[in-house]
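Model, not experiment: these values are computed from the prediction. Indexing begins at 1, ligand by ligand and atom by atom, following the structure's order.
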Amino acid sequence: MSVRVRAPGKVNLSLAVGRRQPDGYHPLATVFQAVSLVEEVVATPAERVTVSVTGPQAHLVPTDATNLAARAARLLAEVAGVDDGVHLTIHKDVPVAGGMAGGSADAAAALVACDALWGTGLPREELARLAGELGSDVPFALHGQTAVGRGRGHLLSPVLSRGEYHWAVGLRATGLATPAVYAAFDEVVGGVAPEEPEVDEALLRALLAGDAAAVGAALSNDLQHAALELAPELAETLAVAEDAGALGVVVSGSGPTVVALARDAAHAGAIGRAWTAAHVVDGVRHAVGPVPGARVLGAQAGAGRR
Ligand code: C5P
């Protein structure tokens, strides 16, 4: 018996960041959209909890006990009183250390896969609580679609969103560490950041109306300045997308991935080609959102191969 689960990466359509709290975290008011760059996790019975990773960036991901999917499996086993182990095969499609929550998607997928494999039958709210313990972005990878995130980003409320959004996704070979970007944020704007950041109402109205141009105009990211301090070359990536007629362009989360909102799939392709021609990215993807959160694709007897 093996269980295959898919979980999405995300873009932050808006990311308002407040002042650093005593626990080191920053209060957020963000609008997440789940996109079609997805992680797949196959869970197979095993003696212990082990992990292997496939995909072009697999060598960048730890396969020891620190792997977030392995931590998710161990946490679920502990809470549900399960003695079994599991082998998790992670196929990575979301850029590693890119600001699109690929590791969080692995953790969400591992929770759902192990829950099904072990038949723990935990309610979805309990899985969401465990997800929040594992990382700030893990609950959204479970939730998917479009949602407002408050607190550390883990307190979610769904957002009504019409239409389909096409993104050109500009990849960088060298990732940015999220804590380093938040530290740069503290240095640059820390003292004047608000206690309680607010969600952009214009963005929510644009999503409700399905008005892509208005969504593009409302894209925002309070971490962008900090990401640009650490990776100044991203300024050019933003500029090239603007010149290519992007409806809006923004650094995704803590970066360094840049996402440009396009009119349609063909326009997303054109923005990607403009980036490639200008040599301002190391790779280009096309993504569509919103898409569902972590869900079982299938369970099958045997070794769990495709
Ligand atoms: O929650 P997670 O482990 O994904 O967060 C990684 C790091 O990002 C934290 O250690 C912290 O430095 C930073 N962070 C933050 N405020 C948040 C979310 C993350 O400062 N709301």
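Shown here are the side chain to side chain contact (heavy atoms under 4.5 Å, CB included) partners of T174, two or more places apart in sequence or in another chain: there are none. Scored by the ring pair (Phe, Tyr, Trp, His ring centres under 6.0 Å) test, H166 finds H286 as partners (sequence neighbours excluded). By the side chain to side chain contact (heavy atoms under 4.5 Å, CB included) test, R48 pairs with T50, sequence neighbours left out.
There is a path of hydrophobic side-chain contacts, each under 4.5 Å, that joins L37 to V259.
Here E133 pairs with R129 in a salt bridge; the nearest charged N to carboxylate O distance falls below 4.0 Å. Contact check on D137 versus R152 returns no salt bridge, with no Lys/Arg side-chain nitrogen under 4.0 Å from an Asp/Glu carboxylate oxygen.
The residues lining ligand 1, counting any heavy atom closer than 4.0 Å, are G24, Y25, H26, L28, G135, S136, R152, T178, P179, Y182.
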